Amino acid sequence: MTLKNIILSRKSVRHYNPNVIIARKEILDAIELASKSPNGNNIQSTRYLLIEDKALRTKVRAAANNQEQVETSSYLIFVLGDYRAFETANIRAIQDEAFEKGYFNQEIKSLLTDAAIVYYQGMSHQGYVKELVRDGSLAAMSLVLLLNEKGYQTITMSGYDKTALFEALDIPEHYEDIMLLSVGKGAEDGHATVRHPVEEITFVNAIE
Ligand SMILES: Cc1cc2nc3c(=O)[nH]c(=O)nc-3n(C[C@H](O)[C@H](O)[C@H](O)COP(=O)(O)O)c2cc1C
């Protein structure tokens, strides 16, 4: 399938066949590829919590407006952003690794490291949230496309009570929620949805 066909055929699916089993390896392969998505300064803040345990799924469903797909899809992934990625030690470690692999010289390494450290210094909390959500959303989109390419259906979800969800999954405070992602084989097709005409959503040089 071409990328265009995947984009055109993908629909959010809310009813899944609960008997379909997806091997964890398949999900890990897709996550590995999704992690190649662009991310700010390559600090790699996005994390993926695979919720496999049935009892946990039931708890998550209760925290997610009782949405059926949370429990009946083959896989449930919680995409999170890790605030610790902004720490200088993480920034240095990533650029050191790339330098050691010979991807760039010492001068570029210092330039990239210093620029990233300065970029995050003194950033507001809202700024940090935006960074995590941008990076996590790009990765989640890649993951959605990859999983649809494999023949699965998906739905991204933000319809949950964050506090209840963090409590149910015992998630530490240094994580920000990005979205839940259900994956499986649809028992029913997702319904078709409309989009604004491109001329309505596109502006050239200035926007009102
Ligand atoms: C960030 C995000 C959160 C969403 N949260 C939910 C949700 O909690 N429950 C739900 O049924 N659909 C949810 N959706 C799915 C949207 O309703 C859906 O993408 C939109 O209606 C367009 O339909 P399509 O995905 O089939 O093209 C969410 C989508 C996004 C991108």
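Since the model is a prediction, treat every value here as computed from it, not as a measurement. Counting starts at 1 for both ligands and their atoms, following the listed order.
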Q | F104, CZ: over 12 other non-hydrogen atoms inside 6.0 angstrom | A | yes
Q: Kindly identify the option in L180, T156, D189, I7 whose heavy atom sits closest to atom 29 (C) of ligand 1.
A: T156
For [atom], find the nearest protein heavy atom and state the residue, atom name and distance (0.1 Å precision).
| atom | value |
| --- | --- |
| atom 8 (O) of ligand 1 | G159 N, 2.9 Å |
| atom 25 (O) of ligand 1 | S12 OG, 2.6 Å |
| atom 17 (O) of ligand 1 | R14 NH2, 3.3 Å |
| atom 9 (N) of ligand 1 | Q67 OE1, 2.7 Å |

Q) Which atoms of ligand 1 sit under 4.0 Å from any heavy atom of K11? A) 26 (O)
Q) In ligand 1, which numbered atoms sit nearer than 4.0 Å to a non-hydrogen atom of I155? A) 10 (C), 11 (O), 12 (N)
Q.
Less than 4.0 Å is my threshold; does some heavy atom of R195 fall inside it relative to ligand 1?
A. yes
Answer whether the closest heavy-atom distance between the side chains of [X] and [Y] falls below 4.5 Å.
| X | Y | answer |
| --- | --- | --- |
| I171 | D177 | no |
| N39 | Q44 | yes |
| H125 | V129 | yes |

Q) What about F78 and Y175, are their ring centers closer than 6.0 Å? A) no
Q.
Salt bridge or not between E176 and K162? Use side-chain N to carboxylate O under 4.0 Å.
A. yes
**Q.** Side-chain donor-acceptor contact under 3.5 Å, R195 with T193
**A.** yes
Q. Does the protein put a heavy atom under 4.0 Å from atom 6 (C) of ligand 1?
A. yes
Q: May I ask you to identify, for T193, whether its side chain, its backbone, both or neither come under 4.0 Å of ligand 1 on a heavy-atom basis?
A: side chain
